[in-house]
Amino acid sequence: MIRIAVTGTNGQVATALRERAKRRAEIVALGRPELELTDRQKVLATLRKSRCDAIINAAAYTAVDKAESEPEVAMAVNCSGAGYVAMAAAELGVPLVHFSTDYVFNGECQRPYREDDSTTPLGAYGRSKLEGEKVVASVHANTVILRTSWVYGPFGANFLRTMLRLSESRNGISVVADQRGNPTSSLDLADATLAMVERLTYDSALALRGLFNVTGAGEASWAEFAEEIFARAARHGWAEVTVRRITTADYPTLAKRPASSRLDNTKLLNAYGIALPEWRASVAACVDRLLAGRRS
Ligand SMILES: NC(=O)c1ccc[n+]([C@@H]2O[C@H](COP(=O)([O-])OP(=O)(O)OC[C@H]3O[C@@H](n4cnc5c(N)ncnc54)[C@H](OP(=O)(O)O)[C@@H]3O)[C@@H](O)[C@H]2O)c1
């Protein structure tokens, strides 16, 4: 069984990786304070000790709005910190999978973004993740960078769990309808990532390295995403919730978000033969899991 060091012990993707790795890989979960991404020595020393066959960097500064007021912190974690993880992977001679984001794009593209489309992040978080991509790729060639988007799941802070929580006290919720993207289940993402890591440990093909989009299949607006969550929750006896469709202008946030950050997953399918399930099926599975045996 391969041994994979995963950074960001309690993050939603790291937790999903731990759950999905059962019987497939041994996960060494590394988090703060032992692995503080901004501390080069700690990152190198902790990863050296892990005796891993591969590294997945799932730790990141992910507070999109807060990053606007502390861009240097976001940059230190998502760029310098990611670089330290890549240095450790290079020193250990093991493959690295690093996560990035759809927020490297400005959202003006009329079709789903491909990996080689030009990047123009709209905010500090996106800029820090883009710089992270560059540094990781320059430090360690045996790297896969996965751009994912709109991640939700049974663990951690995410849109689906927020919608379910709000629906316990409201019968109408306003949700932005003019931003489009790809809802991605953390569990589906974990399955795909683990399959890729396994392959990287024995297959040195260049076509398997580099930048890949990886998201749930199909696209949605945040409002459609919310409607799907509430429709599924209703099947568990939860009260009906009305989604009021609003615009981005009606819901100002500190960070500007792309209007369309849909990602094209063709490269992943061609190189690895991997495609994530359709997003509605995964939302249903997640809601079923969270609400089984509960009544609102
Ligand atoms: N969530 C999304 O919708 C989304 C979309 C696109 C891309 N991504 C990318 O996917 C990856 C995983 O995201 P996620 O949703 O799992 O994030 P998350 O739930 O916010 O977890 C992030 C993890 O990073 C850790 N972390 C933050 N700052 C750190 C530091 N300075 N040193 C060490 N660890 C630190 C946190 O540790 P603590 O528990 O100690 O705070 C947490 O465990 C990230 O690269 C993110 O940019 C996420």
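In this chain, numbering begins with 1 at the start of the sequence shown. Numbering of ligands and ligand atoms starts at 1, following listing order.
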* Asked: Around ligand 1, what residues show up once you keep those with a heavy atom under 4.0 Å from it?
  -> G8, N10, G11, Q12, V13, R32, L35, E36, L37, A58, A59, A60, T62, V77, F99, S100, T101, Y125, K129, T148, S149, W150, V151

* Does the pair R245/E227 count as a salt bridge with the N-to-O cut at 4.0 Å? -> yes

* Taking NZ, NE, NH1 and NH2 as the nitrogens, is one of them in E219 or R262 under 4.0 Å from a carboxylate oxygen of the other? -> yes

* **salt_bridge(R147, D264) N-O dist < 4.0 Å** => no

* **Sidechain N-carboxylate O distance under 4.0 Å for K42, E36** => no

* **Whether Y272 and F212 hold their rings parallel, tilted or perpendicular, with breakpoints at 30° and 60°** => perpendicular

* Pairwise side-chain contact, D102 with T215, heavy-atom cut-off 4.5 Å (strictly under) -> no

